[in-house]
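I have placed the structure first, in the form of structure tokens, so that the comments after it can refer back to it.
Per chain, numbering begins at 1; letters A, B, ... match sequence-line order.
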Amino acid sequence: MENAEKYAKVDRDILAAMKKPGRVYLAGLAFTASLVAIGGILWAYQVRNGLGVAGYTHPVKWAIYITNFVFWVGIAHSGTLISAVLYLFRARYRTSFNRAAEAMTVFALMVAGLFPLIHLGRSWVFYFLIPYPTQRQIWVNFRSPLIWDVFAVGTYFTVSLVFFYVGMIPDFAAAKRYAEGIRKKVFTILSLGWKGTDKEWRHYGMLYLFLAAFATPLVASVHSVVSWDFAMSIVPGWHTTIFAPYFVAGAIFSGTAMVITLVVPLRKAMNLHEYITDDHFESIAKILLFTSLIVSYSYIIEFGMASYGGNVFEMGSFRYRALGEFRYLTWTMIFCNSLVPLTLFAKRLRRNTTCLLVVSILVNVGMWLERFVIIVTSLAHDYDPYVWGTYRPTFVEVGISLGSFGLFFTLYLLFVKNLPVLSISEIKEHI
Amino acid sequence: MKRRDFLWLLGVVSGSTVMSACGSPNRSAKFTSYLLPPEEGVVPGEARFHPSTCTECPAGCGVLARVREGRPVKLEGIPGHPVSDGGLCVRGQSSLYRLYHPERLRGPMLRDGKTFRSIPWEEAFTRVSETLKSSREKGRKNLFLSCRTTGTLSRVADAACERLEIGRLPEYEVYSHSAVKEANALLFGERDVPHYRIEEADFLLTVGADLLETYVTPVAYTRKISTAQAGGDFLWYHVEPHMSLTGGNADRRFTVTPGRERLLLSFLLREVATRKAAQNGFPREILAALPPATAESVARDTGIPPESVKEVADRFLAAKRPLVIAGGIATESPGGVGTAAAAALIQYAVGAFPGRVDFAGRENYRNVGTLRDMEELSARMGRGEAGVVFLFRTNPVFSLPARLGFRENMKKAQLTVAMGEFLDETVREADLVLPLSHSLESWGDVEPRRGVMSLLQPVLPPLHDTLSDGDALLGLLGSASGKGPAGGYRDLLAAAWRKRLGEAGKAQFLEKGFVEEMLPKRPVSLDGRRAADTLRSSTSAEEVRKPVLFLVPSIRTFDGRSRILPLLSEIPDPLTTITYGPWISVSKETAARAGLRDRDEVTVASGDWKAVLPVKVQPGLPGEVFVVYRDAIPAPPIRTDPRTGGPVDTIEGVRITKTGKTIAIPILSGSFSQQGRGLIPDPVHLEEERRQKRWTLYPEHAHMEYQWAMAVDLGRCNGCAACVAACHIENNVPVVGKRDHLKGREMSWLRIEPFYEKGEVDFLPMLCQQCHYAPCETVCPVFAAYHNPEGLNVQVYKRCVGTRYCSNNCPYKVRRFNWWQHRWPEPMDRMLNPDVPAREVGVMEKCTFCIQRIRGGKDKAKDEGRKVRDGEFTTACAQSCPTGALTFGNILDKESKVYRLAHSERAYRVFETLGTVPSIHYLRGGKT
Amino acid sequence: MKKTLVSIAVLGYFGVSVLLAGGLWYLWYRTDPAPVQPIAFPHTIHAGRLQLHCTYCHIFADRARSAGAPPLEKCMGCHKTIATEREEIRKLTHHYEEKRPVQWVRVYALPDFIYFTHKRHVKAGVECAMCHGDVAGMKRVRRVNELIMGWCVSCHRVRGAPRDCATCHK
Amino acid sequence: MNPLAIPPALPPDTFLLLRYLLIAALLLFLPFLGIVIAGSAASLVLNFLGRENRDDRSLRLSREWIEAATVNRWVLLLLGLLPYPAIAYACERILGGRTSLPAIAWLVPYGALLAGCLLLSLYRSAIRRTTELVPALFGAGTVGLLAMLSAAFLSFLLVGTLVDPAKLPLVRSNLVFILSWHSLVEFLLFLAMSFGLAGGIALRFLGRSKAGGAGGGPDYEARVLTAGTSFAMAGALAVPALVVLYLVSLPVTGLSTEVFAMAATVMILALAVFSLLYVLPGMKENRQGDRVTALFVLMFLTVILCSQTAVANAFQGLSAPPGPVAAVESVSKEGKSALKPAAGDAAALEKGKKVYDTVCSICHRFDVKIVGPAYNDVVPKYKGNVEKLKAFIRNPVKVNPSFPAMPKPAIKEDEIDAVARYLLFTVKGGK
């Protein structure tokens with residue numbers, strides 16, 4: 001009886017988020033949307049005039065676009081990790097994050113997926129990268145890590161999308177009871193006539209478990225593949241065996257940070273304090289700290305290998321990274337990723353959301369810089385000293401990158417207003 | 001005559017040979033049928049070669065113009081040509097850009113206030129002839145100033161001037177070698193530059209003469225030196241006050257205190273005369289005239305370490321057939337004539353005349369005047385004595401010092417008639433502009449050297465409303481004197497040739513493009529007293545005050561005349577790797593002292609003259625010595641040598657002050673040092689690389705018939721960059737401009753990397769290595785970069801999507817990306833090689849060993865049912881190399897030259913540790 | 001209300017698809033496989049009835065990359081006397097007398113990034129008809145094969161001709 | 001088969017006949033197959049749903065529908081199995097020479113068809129006995145449906161090969177090259193029209209029988225109405241898009257204005273269906289079964305004609321020339337056979353023959369008269385007088401008014417001599 005009330009309350013509280021949006025929300029939405037518009041225009045400009053409008057130089061032929069790609073794929077990771085892996089570990093605090101995290105995964109992947117296209121010299125023939133039988137009777141080169149990317153990211157996106165959707169089916173059913181108008185219709189369709197019978201729940205449980213199990217290995221595989229884009233090449237500073245674990249850790253690191261960055265304001269804005277408690281934050285913070293330590297360790301290993309490897313090219317590359325013209329970025333990165341998170345050893349700070357927010361944002365910055373530094377510095381000073389060069393981004397690259405952030409947050413804002421932000425059914429389970 | 005109709009026809013066709021870019025043509029796509037069957041042996045779509053002569057500089061190298069659909073698309077040297085023997089320098093390769101340059105004069109123009117209005121030729125001629133008449137009545141003198149002209153053209157000019165009572169002035173060249181001529185005149189009564197047979201010497205000492213770059217006939221000298229080096233025991237020492245490409249390539253290079261070259265030479269002369277020439281009647285009074293000197297004193301004065309002075313002397317004396325050449329900057333400084341004279345006397349003393357130094361085949365510089373002549377001309381014009389002044393293919397306003405006031409005085413002439421190809425500084429000032437055809441559009445002949453006649457013949461109809469040099473002169477003559485010779489310049493030439501060579505000879509001349517008459521060697525007689533006076537008179541008054549600025553000719557632009565060729569500003573200067581100049585080269589120590597770094601802006605001042613230039617720190621340059629290329633400074637503040645009347649290109653006591661600003665100039669080299677990466681390795685380092693074993697997971701590439709490979713002999717490569725230009729032209733590599741160069745986005749498929757080790761420079765030509773295990777191929781997602789059955793890393797431009805992964809993964813960074821859609825302004829688009837597509841925006845491009853040539857060669861071989869013969873065809877770069885440093889061939893053929901070289905003990909590959917197994921084998925240089 | 005909206009929407013959809021079809025038709029029409037030539041040269045007579053071999057007029061087919069159109073002189077060789085009164089022949093004669101080359105409309109064209117030589121194919125024993133079809137049977141020459149990559153590759157596969165990209169791609 | 005051989009030409013009328021045969025067979029085959037596929041699919045689904053939630057109307061509808069779709073098993077076997085061999089035969093003949101498909105390529109679809117027919121008839125008879133099917137029989141039905149589908153798809157692939165003759169030489173060497181987009185699109189188009197047709201059939205025949213039984217009555221009719229209408233509408237709406245795709249996927253050589261015209265017709269027919277069922281007022285109430293059915297049959301007809309026109313276009317002009325090569329050969333052979341050169345002038349005769357081949361043969365043959373008279377008629381007039389003949393060749397004079405005057409040949413004196421000798425020697429009775 002009183003359970004019923006509780007359930008009703010949960011429904012109300014969470015679905016309250018989907019009430020009519022306030023001014024602030026609309027303003028935010030307008031802002032992010034305009035960013036998207038700017039990005040779009042700049043992309044059109046770039047396609048029309050050629051990649052020359054970007055700041056690429058002769059040695060540095062990959063830069064900010066690929067940085068963004070790796071960054072966003074990284075962001076995407078925590079989603080699966082938090083929902084799938086923690087689900088398998090039966091970690092209860094997951095419930096308060098998983099929906100947000102999954103949404104983040106999907107959106108981040110959407111954004112990430114754009115960058116390989118943006119960075120192509122001839123984006124209009126991107127379909128050459130897709131393996132399909134054409135009249136030309138020629139296939140893609142399955143040896144190329146870029147093709148592995150196409151598959152890895154594609155798979156990952158599909159799976160996480162399905163996972164995201166399946167997780168929401170019962171909530172749609174719940175939501176449709178409160179919604180009206182077109183929204184009700186949509187929810188009705190999306191809920192696939194979910195009635196909540198035992199039989200349904202039994203099947204549902206099986207399916208969800210399976211999907212979780214299926215998604216978990218992807219966490220490792222996808223970013224390993226992405227890291228191989230670099231590790232498989234022979235560029236000094238890229239060609240390292242530790243890249244796969246290093247990148248996966250980094251991905252989870254940045255992803256977790258992004259979750260915190262998103263959930264802290266979310267909780268505040270939609271006062272979900274009783275569903276997202278400080279304990280939850282603390283345990284997430286622990287993940288952050290842990291992955292941070294792994295990342296720092298990788299940094300040390302990288303420089304270590306370069307110095308005792310005795311490979312003149314590798315040494316040159318890392319000397320340049322640490323002391324070259326990009327040294328400020330390098331050291332900022334180390335500060336953000338290795339030093340700042342150490343504060344989280346203090347329990348008080350772990351439970352202090354403002355502190356967490358600051359740390360997480362810094363970590364995001366740091367992780368973006370990490371990718372930038374790895375990509376640009378390694379290319380700028382590789383084998384032949386004659387072609388050593390440098391790189392300065394142009395407004396086009398900056399604008400498009402901002403646009404990508406805009407796109408991500410636009411999608412996210414739309415999400416929080418139109419879909420249940422917390423997994424109602426699971427919260428009910430835990431009542 | 002027949003070919004011209006044919007050309008005309010093809011001219012019609014060529015317009016319509018451009019096809020639509022999609023499989024099925026749309027209704028507008030047309031193609032044309034000939035009226036007449038093309039003459040025997042002409043096959044559409046096949047290139048034909050027509051011999052002609054390069055006119056980019058006075059040297060007169062023979063060129064074969066490669067013609068497709070009636071348009072010349074490439075220039076190559078004529079093998080066996082007495083001057084260039086198959087070689088062609090960077091300027092020669094680029095001179096197609098002169099032909100197709102969009103800014104060429106399109107027709108005769110008449111001054112109309114500040115601007116010009118175009119007029120028909122007839123009007124131009126009549127106006128000239130009227131003015132000629134009127135000025136004669138006014139009692140003014142009509143004058144004709146031209147660049148160095150030789151052969152029939154020179155005679156025609158003389159004749160015309162005589163008929164029309166025009167004073168033919170001494171010809172004007174910026175580099176007139178007046179000191180050398182003066183010295184030879186004083187000593188032997190031969191006012192000219194002799195023909196040096198370097199190939200017959202076993203020891204060569206060059207003083208200031210930049211043989212490999214611009215001195216008199218650089219390609220010839222380059223060929224001769226490499227022949228001599230190939231011959232085995234040959235040593236080449238170079239003494240210079242600054243740092244030049246030539247010096248960098250000599251076996252030993254000594255930097256001498258500016259203006260003191262004379263002392264070294266006279267010491268050498270004394271040594272030679274006393275020890276060697278005493279017996280063969282060497283005039284005593286000369287010895288008397290020589291200032292007393294010991295190795296130590298000379299070392300003190302010249303700044304060359306004593307042991308080096310001794311070494312030079314000993315080597316020279318030890319040599320059986322020694323040869324010394326003084327010229328260039330050494331003779332264009334105060335006391336230059338003394339230097340030249342000393343050198344000439346040494347030649348005499350060691351009996352180099354007439355074997356190794358011969359006036360029979362002199363370089364035809366006799367009619368070339370001096371700076372003083374120009375002073376007189378300017379003065380005469382200033383005094384208003386000049387009527388009509390013809391300025392024929394010459395640009396004095398740019399190259400003469402401002403103090404002559406040439407520009408202003410031109411105005412005082414009654415009518416200045418400029419004849420040239422471009423609206424350059426001088427033409428802009430003229431009253432009447434008569435556009436001349438490019439040499440590839442006109443008939444003619446040149447005589448670069450006595451006894452050598454080289455053919456000029458049109459390979460395409462004139463692009464614009466221009467006349468060939470001869471026709472223009474004849475036209476003038478005709479309209480002025482009422483009756484010119486019957487027929488055009490072509491008939492006149494034909495007659496002249498028939499007269500000189502006979503029917504058969506003429507035919508052969510037309511076919512081969514040159515004739516060489518064997519002139520008997522001419523011994524010289526030395527006037528001892530005059531010689532002695534000459535030596536005495538070169539006193540220590542002629543000293544050079546430091547800091548000194550040298551104005552030197554550049555291998556890219558010579559005296560500045562080639563600076564309008566866009567390609568040449570794309571090709572880096574070999575020593576500094578700067579593409580878009582200008583700049584001033586500063587020595588390391590000076591830079592250190594003045595706290596100057598690359599790109600710093602400085603003001604260079606001397607007297608009331610000053611210029612603002614960015615700095616480039618140049619290793620190997622002695623302190624207090626600055627170098628600027630001649631093309632960088634219009635109206636340079638050069639003095640006139642009181643004794644020779646020639647120019648003094650050393651500006652003394654210059655003041656260099658740092659402004660604190662910087663000027664962005666594209667310096668392509670990221671580092672002048674190898675950073676210990678063994679691109680040009682020492683043997684030890686090499687061995688350990690060799691010992692590495694490596695294995696692959698991928699299936700081996702099978703090469704059945706052919707595996708193309710190249711050998712690059714670093715010992716022969718002198719960094720002249722001719723190959724770079726050749727590659728550009730052959731492969732339609734676009735000229736991208738300064739903006740992209742500043743971003744390091746140059747497009748050249750082939751680059752020459754200079755690496756400096758303690759003042760010595762080594763050059764490393766770097767092009768696609770065509771790796772056997774190519775890193776670029778495995779990473780391309782769409783097979784745009786793949787390994788073809790003949791061992792090439794082919795790039796399929798239409799398949800490329802532009803991920804640029806291949807370039808990242810290329811350790812040699814030899815792949816170029818099309819950042820923009822590059823366009824060729826009309827009529828430059830006619831220069832494109834139809835066998836190579838113009839790349840689209842957003843695709844990667846690279847060297848594929850001129851795959852179009854490979855295709856052609858295989859096609860021919862297949863027709864004859866055989867395999868390709870070694871050396872049957874070669875890549876554009878290898879073809880252009882004057883020293884034969886590049887060898888291309890099929891390495892599967894055990895007999896081939898490239899196989900032999902690739903298996904020599906000098907052979908190595910760049911970055912062998914990476915296991916890319918390149919098909920390009922470098923042969924370690926090692927200065928002998 | 002709703003009904004009209006829906007019907008308008010659907011009608012719009014139909015309209016769009018019809019337009020698309022029209023567009024496709026135009027695209028196809030622009031590259032008409034059988035274009036009208038300035039002079040209606042009947043292959044049916046020359047290659048058909050007179051049974052002249054292709055290389056009689058297209059002299060370069062076995063010698064060069066492009067088969068080449070016959071020089072007008074060749075046409076005039078016969079048509080000085082034969083069928084001189086016919087309209088088309090008159091056109092020809094005008095062209096010849098005015099020294100004005102004939103601008104034929106292309107039926108087949110290859111993109112400029114492709115290296116193709118008739119010589120190789122003819123020498124390899126490929127009959128002209130393999131690619132150009134039964135020209136002798138066409139009053140106006142019609143393109144019977146679209147020169148698309150797949151088409152070339154198919155034949156190269158079957159005949160075991162080289163399939164290295166660089167064989168055809170410049 | 002020998003890749004060098006030019007495919008022999010089919011005699012035009014044979015080709016025509018074959019195509020008519022093909023069209024007729026397809027016209028019988030496809031609509032029928034369509035009805036069966038769509039009908040049985042509908043019936044299966046309805047049956048499943050009916051059993052799931054105990055709904056007699058669905059069960060009844062499902063039974064009626066399968067009955068209507070497969071009038072009875074004999075018709076099924078007859079229409080299903082008879083036309084196919086005709087199609088196979090026609091295709092094989094048309095392909096003949098270019099390639100001959102391995103028998104398996106024909107037999108597999110046929111087998112599938114057979115199996116499909118049998119299984120479906122099994123299902124049909126079962127469902128007539130009782131609507132409460134045992135799973136086995138239901139399964140049989142499903143498998144039958146799948147078999148039918150695959151049969152249809154395979155036959156589309158086979159017929160599709162006709163549209164792309166250039167690819168045919170490959171087909172035998174590796175069957176994968178049968179795969180083509182336009183076959184796929186055509187198949188989809190076929191499915192769309194089939195469902196439309198099935199809908200039409202439903203509207204026309206179902207729910208007519210007033211005989212009560214389980215779940216009869218007016219609401220049952222309503223049910224039929226909705227089902228039929230939605231099927232027809234779905235079909236009609238899917239058609240235009242698919243038609244456009246079809247046009248895109250056709251090889252360019254197959255196109256012609258007629259093809260486009262027919263495509264447009266199909267769209268218009270679809271539009272007609274739509275307006276019948278939706279736009280026109282009051283049309284919906286009284287069923288449009290017969291009209292809709294008719295329209296869809298028309299669509300089938302047009303599409304089949306359209307694709308066959310494409311085939312015709314594709315084959316136009318693709319065949320061996322009436323060998324001018326052969327002709328020249330024969331002449332020269334004739335020459336050879338005739339001449340038995342005396343030792344001396346063999347060379348001269350060879351030369352003469354060369355002149356003949358290059359110059360004379362343009363206008364003259366030995367046996368036939370082309371531009372000029374046949375040599376066998378005129379040469380004998382010279383009775384072996386070489387000089388006379390040479391004189392004529394040197395400057396020809398108009399002899400026979402029925403021929404244009406012979407132009408003065410551009411050949412040298414010795415060539416004139418040689419050719420004159422050659423002619424006199426070669427032509428029988430020349431000497």
Out of [options], return the one with the most heavy atom pairs under 4.5 angstrom to chain B.
options: A/Val125, A/Val150, A/Asp382; answer: A/Asp382
options: A/Ile234, A/Asp149, A/Ile147; answer: A/Ile234
options: A/Val235, A/Val312, A/Thr390, A/Leu120; answer: A/Leu120
options: A/Ser378, A/Gly121, A/Pro145, A/Gly55; answer: A/Gly121

Donor-acceptor pair, side chain of A/His58 and main chain of B/Lys813, under 3.5 angstrom: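 Between the backbone of B/Lys813 and the side chain of A/His58 there is a qualifying donor-acceptor contact (under 3.5 Å).
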Using a 4.5 Å cut-off on heavy atoms from C-beta on, say whether the side chain of [Y] contacts that of [X].
X: B/Leu679; Y: A/Pro385; value: yes
X: A/Asn141; Y: B/Glu777; value: no
X: A/Tyr386; Y: B/Thr577; value: yes
X: B/Val910; Y: A/Tyr383; value: no
X: A/Trp388; Y: B/Gln675; value: yes

So for B/Ile667, is it side chain, backbone, both, or neither that comes closer than 4.5 Å to the heavy atoms of chain A?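 Contact with chain A: none, neither part.
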Contact class of B/Glu840 relative to chain A, heavy atoms under 4.5 angstrom: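 The answer is the side chain of B/Glu840.
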Inter-residue atom distance A/Phe126.CZ - B/Thr803.OG1, 0.5 Å rounding: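 One finds 15.5 Å between CZ of A/Phe126 and OG1 of B/Thr803.
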Spatial distance of atom OH (B/Tyr805) from atom OG (A/Ser233) [nearest 0.5 Å]: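 That separation rounds to 5.0 Å.
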Using heavy-atom distances under 4.5 Å, tell me whether [X] contacts chain B through its side chain, its backbone, both, or neither.
X: A/Val53; value: both
X: A/Phe230; value: backbone
X: A/Trp148; value: neither
X: A/Phe313; value: both

Once you measure the plane-to-plane angle for B/Trp819 and A/Tyr56, does it fall in the parallel (<30°), tilted (30-60°) or perpendicular (>60°) bin?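 Answer is parallel, since the angle falls under 30°.
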Can you pull out the residues in residues 731-739 of chain B with any heavy atom less than 4.5 Å from chain A?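 Those residues of residues 731-739 of chain B which would need a heavy atom under 4.5 Å from chain A do not exist here.
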Tell me whether the NZ or CZ atom of B/Arg799 lies within the 45° cone about the ring axis of A/Phe128 and under 6.0 Å from its centre.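 Here B/Arg799 passes the 6.0 Å and 45° test against A/Phe128.
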Do A/Asp384 and B/Arg751 meet the salt-bridge criterion of a basic N to acidic O distance under 4.0 Å?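 Here B/Arg751 pairs with A/Asp384 in a salt bridge, since their nearest N and O are under 4.0 Å apart.
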With no hydrogens and no angle check, just 3.5 Å: does a side-chain donor-acceptor pair link B/Lys743 and A/Thr57?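 No.
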